[in-house]
Novice: 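Following this message is one structure expressed as structure tokens.
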Amino acid sequence: MSLLLYILMWLVAVVCMTLFSALWSTVSGHQYRELVLLSKLLQHFSKTPVSERVIYALGWGIHLFLGIIFLIFYEALWALTNVPRTFLWSLAFGGILGIMGILGWTVLFKIADFPAQFDYPQFYLQLFFAHQVFAITALYFYLAAT
């Protein structure tokens with residue numbers, strides 16, 4: 001697969017994951033979109049006032065950057081395990097990515113002393129499934145492109 005197709009797969013997978021998180025946020029009535037939470041964390045750590053537009057753009061940038069890191073790891077799992085690219089294996093690898101995401105967010109929340117009233121269990125549940133969406137989207141993009 002060409003570099004251009006990998007870039008498109010990365011962007012489509014991150015956008016689908018983000019849409020899933022937005023849908024979960026809407027249905028649950030809580031804010032669980034990763035880029036919004038990243039923006040809040042950036043505001044928390046900022047020593048100087050920064051406009052919301054800049055913070056939001058940085059949140060997107062970080063989310064996209066992490067998305068490519070996760071896609072590289074996802075592709076490495078396929079290469080290292082040499083298992084067939086199937087829906088079930090993609091779910092398994094999405095589960096690994098979800099656990100990695102949960103661990104990363106747990107550390108970020110601890111460092112930032114994020115509010116106690118935040119519904120962490122529900123966020124982590126949706127984050128796990130959001131990574132499933134990421135993995136399945138990447139799988140089907142790959143299968144369609146090859």
Side-chain angles (χ1 to χ4, degrees), residues 1-47 50-112 114 118-146:
M1 195 159 66
S2 73
L3 178 60
L4 177 61
L5 286 176
Y6 272 108
I7 291 170
L8 288 173
M9 180 170 46
W10 157 57
L11 293 172
V12 170
V14 171
V15 167
C16 286
M17 176 182 171
T18 304
L19 290 172
F20 173 83
S21 296
L23 177 63
W24 192 295
S25 294
T26 300
V27 170
S28 71
H30 295 90
Q31 184 56 263
Y32 296 127
R33 288 180 298 158
E34 295 82 7
L35 61 108
V36 173
L37 294 174
L38 283 168
S39 297
K40 287 182 180 185
L41 290 172
L42 287 170
Q43 284 176 329
H44 174 79
F45 289 117
S46 179
K47 301 280 189 225
V50 181
S51 76
E52 277 192 40
R53 175 179 258 169
V54 169
I55 290 289
Y56 193 73
L58 286 170
W60 257 113
I62 292 169
H63 189 56
L64 287 168
F65 174 75
L66 291 172
I68 201 154
I69 298 299
F70 273 66
L71 185 62
I72 290 168
F73 187 78
Y74 176 79
E75 287 298 316
L77 284 172
W78 290 116
L80 292 171
T81 60
N82 201 28
V83 296
R85 287 189 188 243
T86 64
F87 181 79
L88 290 177
W89 276 112
S90 191
L91 282 178
F93 291 167
I96 292 168
L97 296 177
I99 291 167
M100 289 171 51
I102 290 167
L103 292 173
W105 277 100
T106 301
V107 170
L108 283 174
F109 288 146
K110 294 275 189 217
I111 292 170
F114 211 67
F118 185 72
D119 190 347
Y120 293 96
Q122 189 174 141
F123 172 69
Y124 293 140
L125 181 65
Q126 83 77 33
L127 189 64
F128 182 82
F129 288 119
H131 284 88
Q132 298 290 315
V133 170
F134 178 89
I136 296 302
T137 303
L139 170 71
Y140 283 109
F141 195 94
Y142 177 87
L143 293 175
T146 56

Novice: Once rounded to the nearest 0.5 Å, what's the spacing between atom CG of Leu41 and atom CD of Gln43?
Specialist: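 Going from the CG atom of Leu41 to the CD atom of Gln43 covers 9.5 Å.
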Novice: Report the residues that fulfil side-chain hydrogen bond (donor to acceptor under 3.5 Å, both in side chains) with Ser28, sequence neighbours left out, ordered by chain and then residue number.
Specialist: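 Ser28 satisfies side-chain hydrogen bond (donor to acceptor under 3.5 Å, both in side chains) with Gln122 once adjacent residues are dropped.
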Novice: How would you list, by chain and number, every residue that makes a ring pair (Phe, Tyr, Trp, His ring centres under 6.0 Å) with Phe70, sequence neighbours excluded?
Specialist: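 Residues passing ring pair (Phe, Tyr, Trp, His ring centres under 6.0 Å) with Phe70: His131.
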Novice: Quick check for you: to the nearest 0.5 Å, what is the distance between Ser25 atom OG and Gln31 atom CD?
Specialist: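 Ser25 OG to Gln31 CD: 4.5 Å, rounded to 0.5 Å.
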Novice: Quick test of your reading: applying side-chain hydrogen bond (donor to acceptor under 3.5 Å, both in side chains), list the pairs with at least one residue in residues 92-103, sequence neighbours left out, ordered by first then second residue.
Specialist: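 Matches after skipping sequence neighbours: none remain.
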Novice: Go through the structure and list residues passing side-chain hydrogen bond (donor to acceptor under 3.5 Å, both in side chains) with Thr106, not counting sequence neighbours.
Specialist: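 Expected list: Tyr124.
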Novice: Is the distance from the ring center of Trp10 to that of Tyr6 below 6.0 Å?
Specialist: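 No: the rings miss the under 6.0 Å criterion.
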Novice: Could you go step by step and tell me if Val27 and Leu23 meet the side chain to side chain contact (heavy atoms under 4.5 Å, CB included) rule?
Specialist: CA-CA 6 Å; Val27 170; Leu23 177 63; 4.2 Å; yes
Novice: Is there side-chain contact between Leu42 and Ile62, with at least one heavy-atom pair below 4.5 Å?
Specialist: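 Answer yes - side chains close enough.
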Novice: Using the side chain to side chain contact (heavy atoms under 4.5 Å, CB included) criterion, which residues pair with Phe87? Sequence neighbours excluded.
Specialist: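 Phe87 satisfies side chain to side chain contact (heavy atoms under 4.5 Å, CB included) with Leu91, Ile136, Tyr140 only.
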Novice: Calculate, to the nearest 0.5 Å, the distance between atoms CH2 and CZ belonging to Trp60 and Arg33 respectively.
Specialist: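 One finds 9.0 Å between CH2 of Trp60 and CZ of Arg33.
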Novice: Could I get the full list of ring pair (Phe, Tyr, Trp, His ring centres under 6.0 Å) partners for Phe128, not counting sequence neighbours?
Specialist: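 Partners of Phe128 by the ring pair (Phe, Tyr, Trp, His ring centres under 6.0 Å) criterion come out as none, since no residue qualifies.
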Novice: Are the aromatic ring centres of Phe73 and Phe93 under 6.0 angstrom apart?
Specialist: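 No - the distance between ring centres of Phe73 and Phe93 does not fall below the 6.0 Å cut-off.
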Novice: Applying side chain to side chain contact (heavy atoms under 4.5 Å, CB included), can you list everything that pairs with Thr26, at least two apart in sequence or on another chain?
Specialist: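 So Thr26 forms no side chain to side chain contact (heavy atoms under 4.5 Å, CB included) with any residue.
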Novice: Would you please name every residue forming a side chain to side chain contact (heavy atoms under 4.5 Å, CB included) with Ser39, sequence neighbours left out?
Specialist: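 If we apply the side chain to side chain contact (heavy atoms under 4.5 Å, CB included) test to Ser39, skipping adjacent residues, the hits are Ile55, Tyr56.
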Novice: Output the distance between atom CG (Leu125) and atom CD1 (Ile102), rounded to the nearest 0.5 Å.
Specialist: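 Nearest 0.5 Å value for the CG-CD1 distance: 8.0 Å.
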Novice: At what distance, to the nearest 0.5 angstrom, does CD1 of Ile68 lie from CD1 of Ile7?
Specialist: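 So the CD1 of Ile68 and the CD1 of Ile7 are separated by 6.5 Å.
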Novice: Is the closest side-chain heavy-atom distance between Leu37 and Trp105 below 4.5 Å?
Specialist: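 Answer yes - side chains close enough.
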Novice: Excluding sequence neighbours, so at least two apart, what forms ring pair (Phe, Tyr, Trp, His ring centres under 6.0 Å) with Tyr74?
Specialist: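 Ring pair (Phe, Tyr, Trp, His ring centres under 6.0 Å) check on Tyr74 returns Trp78.
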Novice: Is there a side-chain contact between Trp89 and Pro84 (heavy atoms, below 4.5 Å)?
Specialist: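 The answer is yes; the side chains approach within 4.5 Å.
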Novice: Side chain to side chain contact (heavy atoms under 4.5 Å, CB included) with Ile69: which residues, sequence neighbours excluded?
Specialist: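 Only Phe65 meet the side chain to side chain contact (heavy atoms under 4.5 Å, CB included) criterion with Ile69.
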Novice: Check Phe109, Phe129, Phe114 against Phe123 for a ring-ring contact (aromatic ring centres under 6.0 Å, His included) and give me the one that passes.
Specialist: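 Answer after filtering Phe109, Phe129, Phe114: Phe109.
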Novice: Are the side chain of Ser90 and the backbone N or O of Thr86 linked by a donor-acceptor pair below 3.5 Å?
Specialist: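 Such a contact is absent between Ser90 side chain and Thr86 backbone.
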Novice: Could you check whether any side-chain heavy atom of Gln126 comes within less than 4.5 Å of a side-chain heavy atom of Glu34, counting everything from C-beta outward?
Specialist: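 In short, these two side chains touch, coming nearer than 4.5 Å.
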Novice: Kindly determine whether Tyr32 and Leu127 satisfy side chain to side chain contact (heavy atoms under 4.5 Å, CB included), including the steps that lead there.
Specialist: CA-CA 8 Å; Tyr32 296 127; Leu127 189 64; over 6 Å; no
Novice: Classify the side-chain pair His63/Thr18 by whether it contains a donor and acceptor separated by less than 3.5 Å.
Specialist: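 Side chains of His63 and Thr18: pair found under 3.5 Å.
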Novice: By ring pair (Phe, Tyr, Trp, His ring centres under 6.0 Å), which residues pair with Phe20, not counting sequence neighbours?
Specialist: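 With sequence neighbours excluded, Phe20 shows a ring pair (Phe, Tyr, Trp, His ring centres under 6.0 Å) to Trp24, given in chain and number order.
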Novice: Taking side-chain hydrogen bond (donor to acceptor under 3.5 Å, both in side chains) as the definition, give me every residue that meets it alongside Thr137, ordered by chain and number, with sequence neighbours left out.
Specialist: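 Partners of Thr137 by the side-chain hydrogen bond (donor to acceptor under 3.5 Å, both in side chains) criterion come out as none, since no residue qualifies.
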Novice: Of Leu4, Leu71, Leu139, which is the lone residue that meets side-chain contact (heavy atoms from CB on, under 4.5 Å) with Met9?
Specialist: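 Testing each of Leu4, Leu71, Leu139 against Met9, the sole residue satisfying side-chain contact (heavy atoms from CB on, under 4.5 Å) is Leu71.
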